[in-house]
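Every chain is numbered from 1, with letters handed out A, B, ... down the list of sequences.
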Number of protein chains: 2
Amino acid sequence: MNGISMIQLAKELGLSVSTVSKALGDSHEISASTKKRVLELAKKYKYKPNPFASNLRKKKGKQIAVIIPDIVNNFFALAVDGIESVTMSKHYDTFIYLTHENLEREKAVLEHLESGLISGLIISVSTGREGYAHFQEFYEATKLPLVFFDRVPDLLQFPKVITNNYESSFDATVRLIKAGSKRPVLITTTEPMFTSMERRRGYQDALEKHGIVLTDEMIIHCSDDMDSNYTILRKIFSQKKRPDGIFASIEKYAITSYQVCKDLKLSIPKDVKVIGMTNLRTAALLNPSLSTLSQPAFDMGKEAAGLLIKMIEKKSYAAANDIIVLPNELTIRDSI
Amino acid sequence: MNGISMIQLAKELGLSVSTVSKALGDSHEISASTKKRVLELAKKYKYKPNPFASNLRKKKGKQIAVIIPDIVNNFFALAVDGIESVTMSKHYDTFIYLTHENLEREKAVLEHLESGLISGLIISVSTGREGYAHFQEFYEATKLPLVFFDRVPDLLQFPKVITNNYESSFDATVRLIKAGSKRPVLITTTEPMFTSMERRRGYQDALEKHGIVLTDEMIIHCSDDMDSNYTILRKIFSQKKRPDGIFASIEKYAITSYQVCKDLKLSIPKDVKVIGMTNLRTAALLNPSLSTLSQPAFDMGKEAAGLLIKMIEKKSYAAANDIIVLPNELTIRDSI
DNA sequence: GTTTTTTCCTATAACGTTTTCGTAAAAGCC
DNA sequence: GGCTTTTACGAAAACGTTATAGGAAAAAAC
């Protein structure tokens, strides 16, 4: 705003604007001596190219956006940290948009971004499998590269960064069973997301392999509303024939599970064994320490951002169905 | 990018570009009927103004930046949530930059933003009191509004959103003493930040008021490195004459304190009473549940963003020394 | 019926870059 | 020395807006 422009640089140097522009861009058309003169004056005046002018002319910029459901969640916070570590080093600017699991908000953000403000997009979707059209539309309208991570639209052909949800959920469930749980339940979302489906498959197959019959009540659906989740879980665990194991497939469900057990005076792991899918730093400090299946959140963000920037810069044409799979990590503590 | 431009709209409508621009801007110079025609066609083609062109011409845009030390920290995550809730509703875009407590990185971001990419800035500083010059320089160079929150540069005249650190730290310390701690220590940062100084003052005055003599060892300095913090604390609590109370003035220090006590088999609250300054959602689920002094993080973000946007839109010229003080909340649980 | 005002629109010049094209001068070639 | 090629720069257009100034037609005022 207050800064100096190329025009003023050119004037002071007795050069044309185009020469200055090329010099700053290190073009081969400009002699070494002129480049030096230009660079020096630019430095002296702390010249910074106006990004709007530059983006307008080049029809693209070094800005990307991240759309996630929630930042107050260690997983997404870590993912953003990973993303930012890459964008920072590649000199990109990162917009952040939070959908709070709200499909309308997600749509609104996407529509807003059709203006061309950004050159690429990283998303973790906020809803179930029915709501994917807006991503496709965004892509058709803008042809911008977009990368999904964790919560990905399985039905669409886009680059994705995910984890081995099926295998690791299978393993986690097996550990619950081996620890003595006869009837472990799965706590999952109402929204049919890809990640949840995969985790559920892993859970189911583990039960089946160990000869445990899956009944409807064993899959507990929770929402984004902590209070109603508490009510649901409390009711279930107040029953006489209550579950003796929990695989909480979402961070906040693990917390609520603990709360319910605490309030109902159910002993973990004696009465109920718990494994939570979470990246909580305090997992080891909970009472008792929580066994976790944690996601490589930071690395997922890093991979996603790396992939996106590669696509933007067309250094490598990432295949539309490029899928990076990272492993989850199972940490057994005192809760099973 | 792929979208339609004003020029094409104008052509199809048989109008001039300026007319279309004014119609879209709801100018009084344009008749209602023309406005209607323009709006309709714009809607039909999903016209979105090119933000670069618009920003370039207007010399400002609807983008702001948030610079914070760390997103993997409930406090800052909540603050960003609060900020985003405002920017979203006011149709601003929010850049995010993480400094990881690194002064050089903070300076680099600020310098980068001097390009004029944004119209305003929200910051929580990453360092001590000696490193404030770059903020002043940024302001001189850009004259952009900036708002600080929580970790504010007390020596500079800028709008700030803070909490009653002194009073609430005083209260927290008093609670520790009343709970029976004869020699409560303060765990604080090595960096002399404003917030820490205030908390320390509160701690000191509480001791003094209760006739407890403050010695140097009672103020424990920790850094951003979890491992070295662990070592420091473990050493102190292994001593024979170890402290019997902790006021952890930073979230991560509370966690490390718990870890150390657990590993040293010190009972909380019998051997050591703890109050942590934190926004951890899991505080109540820790072993034992942690008494916390928590900050109104979300609201701080909201206030900061509200203030910033007001300044940007000049609806009210926020005074340079506008300071909003929100109260911290003390929640006593089983750790004291 | 003339003048003044209002209404509604257009032409044009910005905003600060990048890029394409053109062209002198210098260098290379025989 | 005449020719081509290369080097190093400049002029001008373009990117898609917004703001300023101006002007024709319609309405209002006398």
Between D:dA12 atom C1' and A:Leu15 atom CG, what is the distance in whole Å? 17 Å
D:dG16 P sits how many Å from B:Lys11 NZ, rounded? 11 Å
Given side chains that start at C-beta, do those of B:Val66 and B:Ile68 come closer than 4.5 Å, heavy atoms only? yes
Round to the nearest Å and state the distance from A:Lys60 atom NZ to C:dT18 atom C1'. 13 Å
Would you indicate whether the side-chain heavy atoms of B:Thr99 and B:Ile67 approach each other to under 4.5 Å? yes
NZ of B:Lys58 versus C1' of D:dT20: gap in Å, rounded? 17 Å
Residue whose nearest DNA chain C nucleotide is more 5′ - A:Leu56 or A:Ser18: A:Leu56
Which whole-number value in Å describes the distance from B:Ile7 CD1 to D:dG16 P? 6 Å
Given axes from five pairs at either end, by how many degrees does the helix from C:dG1-D:dC30 to C:dC30-D:dG1 bend, rounded to 10°? 40°
Run the side-chain contact (heavy atoms from CB on, under 4.5 Å) test against B:Tyr92 and tell me which residues pass, sequence neighbours left out. B:Lys62, B:Ile64, B:Thr87, B:Lys90, B:Ile309, B:Ile312, B:Glu313
Mind calculating the distance between CG (B:Leu9) and P (D:dT17) to the nearest angstrom? 8 Å
Between D:dT18 and B:Lys59, is there an OP1 or OP2 to side-chain N/O distance shorter than 4.0 Å? no
From the list B:Phe149, B:Tyr139, B:Phe135, ring-ring contact (aromatic ring centres under 6.0 Å, His included) with B:Phe158 holds only for B:Tyr139
I need the full list of salt bridge (charged side-chain N to carboxylate O under 4.0 Å, His left out) pairs touching residues 19-28 of chain B, with sequence neighbours left out, sorted by first then second residue. B:Lys22-B:Glu29, B:Asp26-B:Lys35
Looking only at N and O atoms, is any donor in the side chain of B:Arg57 or the base of D:dT18 less than 3.5 Å from an acceptor on the other one? yes
Here the ring pair (Phe, Tyr, Trp, His ring centres under 6.0 Å) pairs for residues 93-120 of chain B, sequence neighbours left out, are A:Phe95-B:Phe95
Would you say the base of D:dA11 and the side-chain of A:Ser16 have a donor-acceptor pair closer than 3.5 Å? no
Check this for me, if you would: do A:Glu137 and A:Lys143 make a salt bridge, where the nitrogen-to-carboxylate-oxygen distance has to be below 4.0 angstrom? no
Heavy-atom check, side chain of A:Pro153 versus side chain of A:Phe148, under 4.5 Å: yes
Which parts of residues 20-47 of chain B get close to DNA chain D, meaning a heavy atom less than 4.0 angstrom away? B:Ser21, B:Lys22, B:Tyr47
Taking side-chain hydrogen bond (donor to acceptor under 3.5 Å, both in side chains) as the test, write out the residues that go with A:Ser85, two or more places apart. none
Given C:dG16, D:dT18, C:dT18, the nucleotide with the shortest approach to the side chain of A:Met6: C:dT18
Whole-Å distance between C:dT17 C1' and A:Asn55 CG? 10 Å
